[in-house]
Amino acid sequence: MNLPKRFSGLDDFFFVALLIGVFGAIGGFLYETVFYRLAWGYFVKRGTTFGPWIPIYGAGAIFMAVSVWRFHKNPLAIFLISFFVTGILEFLVGFVLFHCFDGLRLWDYYTEPWNFGNIGGYVCLRSVGIFGIFGFLLFYGVIPTILMIQKKLPRTAFRIISCSLAALFVCDIILHMITHGLNHGI
């Protein structure tokens, strides 16, 4: 895998990061849709947005990419750093939502299937193990694909696509917050 050690400018990484976030959010939606279908035996619309994406997975994908980038040639490092970075992110977001938003829980591993290693209902070993695997998918599938698309498209076209998809994602989050209110999910 030939990822650039550095981008030619912060703006180049910004547009790649936008797509990493969008594809991470979509990947999280697909994972949760399949996982809960298998665990509960029926389909459940996961996430708080109208579209097929879950915001924390997008943020986690960007956070993971930034944290792991320099170690991208070491598969064990990808797994371990992804495991810990996303576990800490998931714990902190769950904790802050619960304690700063009047007991708001967007997920609760106390009530989840296969919740071994559960810490406060905010994080469990199953989730961070899956996130470690997502690190592999991100660095050996998603990011190389985004970079290949970036090389093949004119710079302006790539930027327009990145911004358009990210704007659609952000508009969906804002629309949900307007129609459902902040206390019914972020």
Side-chain angles (χ1 to χ4, degrees), residues 17-69 78-139 141-143 165-186:
L18 288 178
L19 287 182
I20 289 171
V22 169
F23 288 117
I26 292 170
F29 177 83
L30 294 173
Y31 156 68
E32 289 204 6
T33 299
V34 170
F35 175 80
Y36 289 101
R37 171 64 176 99
L38 295 173
W40 291 343
Y42 54 90
F43 286 105
V44 177
K45 164 63 170 88
R46 299 294 295 176
T48 58
T49 56
F50 298 106
W53 33 43
I54 300 177
I56 192 167
Y57 283 91
I62 293 169
F63 196 46
M64 190 185 305
V66 170
S67 301
V68 178
W69 199 275
I78 289 174
F79 177 82
L80 291 175
I81 295 169
S82 298
F83 180 96
F84 286 109
V85 162
T86 54
I88 291 167
L89 176 66
E90 185 177 43
F91 181 84
L92 290 175
V93 170
F95 184 86
V96 167
L97 287 174
F98 185 76
H99 291 284
C100 296
F101 291 93
D102 198 29
L104 176 63
R105 281 196 184 257
L106 297 183
W107 64 90
D108 185 352
Y109 289 110
Y110 285 128
T111 62
E112 299 275 327
W114 308 337
N115 67 353
F116 47 91
N118 181 356
I119 302 173
Y122 305 123
V123 66
C124 74
L125 284 175
R126 178 215 4 117
S127 67
V128 294
I130 293 294
F131 300 154
I133 293 168
F134 283 173
F136 285 117
L137 296 174
L138 184 66
F139 276 90
V142 174
I143 293 174
L165 290 173
L168 186 62
F169 177 56
V170 169
C171 286
D172 189 353
I173 294 168
I174 292 169
L175 181 62
H176 182 271
M177 290 172 66
I178 290 169
T179 59
H180 290 87
L182 186 59
N183 290 331
H184 290 39
I186 293 179

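These figures come from a predicted structure and were not determined experimentally. No hydrogens, no waters, no symmetry mates; every other heavy atom, side chains included, goes into these values.
- Using a 4.5 Å heavy-atom threshold, the side chains of Leu106 and Leu97 count as touching.
- Listed here is the closest heavy atom pair of Ala59 and Leu89: C-CD2, 4.3 Å.
- Residues Gly47 and Ile54 share a closest heavy-atom pair of CA-CG1, 3.9 Å.
- In this structure, the side chains of Trp40 and Pro113 come closer than 4.5 Å at one or more pairs of heavy atoms.
- Checked options Ile174, Thr179, Ile173; the residue passing with Met177 is Ile173 (criterion: side chain to side chain contact (heavy atoms under 4.5 Å, CB included)).
- Looking only at side-chain heavy atoms (C-beta outward), Ile20 and Ile143 come within less than 4.5 Å of each other.
- Minimum interatomic distance between Leu125 and Phe83 (heavy atoms only, all atoms of both residues): CD2-CZ, 3.9 Å.
- Trp107 is listed as a side-chain neighbour of Val93, based on a closest heavy-atom distance under 4.5 Å.
- In this structure, Leu168 and Trp53 have side chains that are in contact, with non-hydrogen atoms separated by less than 4.5 Å.
- Of all the heavy atoms in Tyr109 and Ser127, the pair that sits closest is OH-CB, 3.2 Å.
- Within a 6.0 Å radius of CZ in Phe136, more than 12 heavy atoms belonging to other residues, nucleotides or ligands are found.
- In this structure, CG on Asp108 lies 8.5 Å from CZ on Phe98, to the nearest 0.5 angstrom.
- The CD1 atom of Ile26 sits 7.5 Å away from atom CG of Leu165, with the distance rounded to the nearest 0.5 Å.
- Annotation: side chain of Thr49 is not in contact with side chain of Phe29 (no heavy-atom distance under 4.5 Å).
- Aromatic ring pairs are classed by plane angle as parallel below 30°, tilted from 30° to 60° and perpendicular above 60°; the pair Phe131 and Tyr57 is perpendicular.
- Between atom CG of residue Leu175 and atom CZ of residue Phe50 there is a gap of 4.5 Å, rounded to the nearest 0.5 Å.
- Contact detail for Ser82 and Gly135: the closest heavy-atom pair is OG-CA, 3.5 Å.
- Stacking of Arg105 on the aromatic ring of Tyr110 is not recorded, the 6.0 Å distance cut-off and the 45° axial limit not both being met.
- Heavy-atom minimum distance, Gly129 versus Phe79: O-CE1, 3.7 Å.
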Query raised in the report: Does the pair Thr86 and Phe63 meet the rule for a side chain to side chain contact (heavy atoms under 4.5 Å, CB included), with working shown?
Result: CA-CA 8 Å; Thr86 54; Phe63 196 46; over 6 Å; no
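- With values rounded to the nearest 0.5 angstrom, Phe23 atom CZ is found 14.0 Å from Leu137 atom CG.
- Distance alone, capped at 3.5 Å, is enough to place a donor-acceptor pair between the Arg126 side chain and the Trp114 backbone.
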